[in-house]
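Some notes on the structure that comes next.
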Amino acid sequence: MSAPACTPAELMVVNAARLLREGDVVLVGVGLPNLACNLARRLHAPGLVMVYEAGVIGAQPERLPLSIGDPCLAVGALSICSMYELFAHYLQRGLISVGFVGGAQIDRYGNLNATVIGDYRRPKVRLPGSGGSMEIAAWADRVYMMAPHRRRRFPARCDFITSAGFLDGRSSRRARRLRGGGPAAVVTDLALLEPDAQGELTLVALHPGVTIEQVQAQTGWPLQVAEDLRTTQPPTREELETLRALDPQGVYLG
Amino acid sequence: MSAPACTPAELMVVNAARLLREGDVVLVGVGLPNLACNLARRLHAPGLVMVYEAGVIGAQPERLPLSIGDPCLAVGALSICSMYELFAHYLQRGLISVGFVGGAQIDRYGNLNATVIGDYRRPKVRLPGSGGSMEIAAWADRVYMMAPHRRRRFPARCDFITSAGFLDGRSSRRARRLRGGGPAAVVTDLALLEPDAQGELTLVALHPGVTIEQVQAQTGWPLQVAEDLRTTQPPTREELETLRALDPQGVYLG
Amino acid sequence: MTRTFQTAHHAGKLTTLAQAVRRLVHDGDTLYAAGFTHLIPFAAGHEIIRQGRRDLTLARATPDLIYDQLIAAGCARKVIFSYAGNPGVGSLHALRRAIEAGHIEWEEYSHFGLITRLAAGAAGLPFLPMNPTGADDLPRANPHYRSVTDPYSGRQVTVLPALKPDVAILHVQRADPQGNAHLWGIVGEQKEAAFAAERVILTAEEIVPPEVIRSDPNRTLIPGLVVDAVCHVPHCAHPSYAQGYYDRDNDFYLGWDAISRDPKGLAAWLEEWVFDVCDRQAYWEKLGPQVHARLALAPAWSEPVNYGRCSAAAEDREARS
Amino acid sequence: MTRTFQTAHHAGKLTTLAQAVRRLVHDGDTLYAAGFTHLIPFAAGHEIIRQGRRDLTLARATPDLIYDQLIAAGCARKVIFSYAGNPGVGSLHALRRAIEAGHIEWEEYSHFGLITRLAAGAAGLPFLPMNPTGADDLPRANPHYRSVTDPYSGRQVTVLPALKPDVAILHVQRADPQGNAHLWGIVGEQKEAAFAAERVILTAEEIVPPEVIRSDPNRTLIPGLVVDAVCHVPHCAHPSYAQGYYDRDNDFYLGWDAISRDPKGLAAWLEEWVFDVCDRQAYWEKLGPQVHARLALAPAWSEPVNYGRCSAAAEDREARS
């Protein structure tokens, strides 16, 4: 029996959802992270608490929110606080176990660029900017990223570091005494990358049918491969059905 | 027609109420200041806004509150905020036009002691301490004090400065760049004192029947007398009747 | 340093939005039109465009479509932001074009950085600290980011200076004529903006008697004390939303991408939906019944709470009435 | 630096107050039993006395009668406060005797100074600034008051270090079994204490289903995320009060002055009202019907608000049910 076919987005979301644990308090972004959290809540982590940087704690959205400030997040939530309180009392204080961040570039040490391509003052491409990702990357216990695996998205060094991964390696992050543990995994449509002992993103698992060479070809630095390189389990029928019911129009899943 | 007889407390409250202006936003303490505000609201300043350091804005108490956190202050108030917000957003930000402070000693420059008599670490008498008066005295536009006029309450210099009047004179307060204007008047059961150009509390008005000598005898420094020394108007029947209705059991008015 | 405010006994601060903007928003002002996704005062933005304000500094955590429109209309000299995107959709193209072409100044923060500035302004403090984040490129690019030494540990903390907008515009669900306002749903940075600003324009879905406000003082996030003008503007927030009143128009946000990619299309949109429309009522009617129906909500009421009244006082009241 | 917390899916945190105190309050702890006049958790104070805790550091803006009693019972090594009076009445005599006799350590602030410490603890910051007040005697006497130079103006600001109590005890009007809590009336420093503390005991007048809490998320000042134990303790706050549930017992506060002036009288009071009483229910019954009647309230309900539900989702729900 072969695995059901799925889109690259579905593959990423299912694999990201599997990283979430029962009881995690997750600072959710819109789009794919939101789907991953909702999927995990419906499957193995019903007690996962979804927190949104707009100040919503314990959201139970009845529909897929387009923005992180959608009215469906407020209805029936456990608590709503101000943005200042969200960042201070939850994130800076240390109540957030998982944060998702996203951007245009992820580099060798898991640093993220969501600000500009090119020079900051004379940008080639002006991106939306940090939002909360500067703080999320610094202070959440574990940080996850999802991105299509393309060479321009995985440079050796970001043009601009919007939020800190391991900077120049674990010791440099450690020297900054940030409370969060930094990037725990990057989920792409080809593979899973995790930081090694030095904080360098390393190939730890390939999605079914993908080769090391394909991943290396789309990665801007010489990619280390874990000794126990795994192959991810293909998405199950249950995972895909549950996921597709969350985005019936395929807004994010393609 | 002679003025109606009244107690020393009534005399102070009526004179303090007269100092309050329509539209004032008053940080109210319990006891006599509370009565003065309620009296002013019922007579010449119906739009006076009563604010309590517990975080209540626009209170309309149905009964006389014993404490500044009484439930009757919350019912029907305009707004309730946290203590941090009250001190930060209202007082430090500069929204409070009048503050009342009280204590065991008031000195020549309007400094106040509500902390200890004697040495701080080996107190002869341990008083309750600052509460909010350190900040009220610093940041309210105008500060008023009420106290029975006794020599031990009006020393030349406080044993301990809990909250700043003019410190060593107006220039020393000015050097500290505090946003509030400092003491505007001290209302006693003998007289009214106001700071002169140097910030020294000066006799500006005597209550009916009181002499300068009587006031000097109860004051711990050589008291300057204003050139245009006035006599206060005796409390009117309307003032006293309205006031007594606020404290029918005479808890504070004696 | 002293802030002027209206007396609470003032006969009321009700006025039209056009008059409030005329009186309180000046060329060159720093404007904070608040609301994190929720309660964004679009009607006020449109009125500012119609009145032709110039050289505004537009501050908002998320410029959103409201500032994309103000920038496209030529009202802005500078933008201060922490996330300049169309949430869940992509770029704010007018803003992005203006930055990429060097036509506008910008000053950039992370969300917490910008909100920290506003919180310091609200608190009357010169600055507030935040813990360092390890991401130094933005602090290097923006000289407002500084450091102080924590006198207890000897470590460095990041600090940001107070932001005190000249004028804040805040939309709320219900307010009394003095501007005492109840807000619910996502409250974002509304309270901090109200206290940080020198002047405040309040727009409200409903104007209610003071008794409604006083029945639940814990719900009053914005006190009338800090409000200069109160405007009754139903549907002020569309295409943003007012929790419990109308839904967010996500189709509009999705559709804005194509409109704002094309400067001509954007100009035509402004002509049709801002300049050719006299006020918010006309705008709402122009949206038409299908949009109204799409944004309609089913009720979901809060459980009320009892504030209680001491029996003696209650008896007293009854005896008197 | 990482704070542990219970998962929200945890079967519930309901326990008895005796068990919660046994598990979460230890000898030598710094305790913050919160509530500015309102919602003071007296029942928890009495349980701590009964269990004979020792060497506690008692932190509260206003020690109030609850700490006067804990000090009289010999539970405290130190007190941290900003106003050590019986509000509107006079001194806290047990506390005052202990200080004047040198039997207890103390650390003193102004209200804003102490609340600033708690706010820093809640925010995960090492310190927070406040503007100088010109009154230097207390900052000179307390080395926790320090200064830093504002890097923007070059002037000095006062700073205070974070206070992170080992355990906070918070009384609320209603909470669900996970500790998500609605509070109204005077909220004082409840929220800051909940976030600043390492462990939190929540006592509640009512335990309600999560749906009640979720019907009004803006009312949830304390999220279950930070709560370790939830105890159903009606009348927990007497002689303090619970807005909407029972009045403040001002007669008790007035009467306390005479009781606490006399160490023997105070010891007898503790014997009768704490040691000889097994729990809060017994205490409340012992107060008797006259006191109950005196503290009863007439209703004063808040106007509810509508959170709305998008029609499509609502229809969907109905179709499914």
Side-chain angles (χ1 to χ4, degrees), chain A residues 21-26 41 44-52 54-66 70-82 84-97 135 138-142 177-181 245 248-249, chain D residues 1-11 118-126 128 162 164 175-176 178-183 191-192 194-198 210-227 305-317 320:
Chain A
R21 305 171 196 159
E22 176 61 347
D24 273 344
V25 179
V26 187
R41 260 162 51 86
H44 61 280
L48 182 151
V49 180
M50 297 202 296
V51 175
Y52 290 82
V56 180
I57 317 301
Q60 293 186 326
E62 284 188 334
R63 70 175 180 208
L64 195 64
L66 178 65
D70 202 273
C72 69
L73 300 175
V75 183
L78 279 176
S79 181
I80 295 178
C81 64
S82 73
Y84 185 83
E85 289 168 339
L86 193 284
F87 279 91
H89 292 176
Y90 288 83
L91 196 48
Q92 189 169 250
R93 177 70 176 90
L95 297 180
I96 300 296
S97 36
E135 290 86 18
W139 302 330
D141 292 347
R142 290 144 43 213
R177 296 170 176 273
L178 310 177
R179 77 161 294 289
Q249 296 167 313
Chain D
M1 210 143 140
T2 297
R3 175 169 176 173
T4 55
F5 46 83
Q6 307 288 330
T7 75
H9 195 59
H10 191 284
L118 212 49
L125 286 166
L128 272 173
K164 296 186 182 181
D176 71 18
Q178 297 298 338
N180 297 290
H182 280 181
L183 282 81
K191 184 178 58 186
E192 288 81 2
F195 282 93
E198 293 299 321
E211 296 73 47
V212 172
I213 301 298
R214 289 187 184 271
S215 81
D216 197 357
N218 289 97
R219 185 92 68 196
T220 312
L221 289 197
I222 299 171
L225 279 185
V226 301
V227 173
V305 303
N306 183 9
Y307 278 83
R309 174 166 275 139
C310 84
S311 327
E315 279 162 29
D316 210 45
R317 247 171 105 89
R320 270 181 289 151

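Here is how names work: the chains are called A, B, and so on, in the same order as the sequence lines, proteins then strands, and each is numbered from 1. These numbers were taken from a predicted model, which means no experiment stands behind them.
Taking 4.5 Å as the limit, every side-chain heavy atom of A:L78 sits out of range of all side-chain heavy atoms of D:T220.
Contact annotation for D:D216: neither backbone nor side-chain heavy atoms come within less than 4.5 Å of a heavy atom of chain A. Residue D:N218 touches chain A through both its backbone and its side chain, counting heavy-atom pairs closer than 4.5 Å.
Here NE2 of A:H89 is found 13.5 Å from CG of D:L225. Values are rounded to the nearest 0.5 Å. Put simply, CD1 on D:I222 and OG on A:S79 are 9.5 Å apart, with the number rounded to the nearest 0.5 Å.
In terms of heavy atoms, A:A77 sits closest to D:P217 at O-CB, 3.3 Å.
Ranked by heavy-atom pairs shorter than 4.5 Å toward chain D, the options A:V75, A:I57, A:V56 are led by A:V75.
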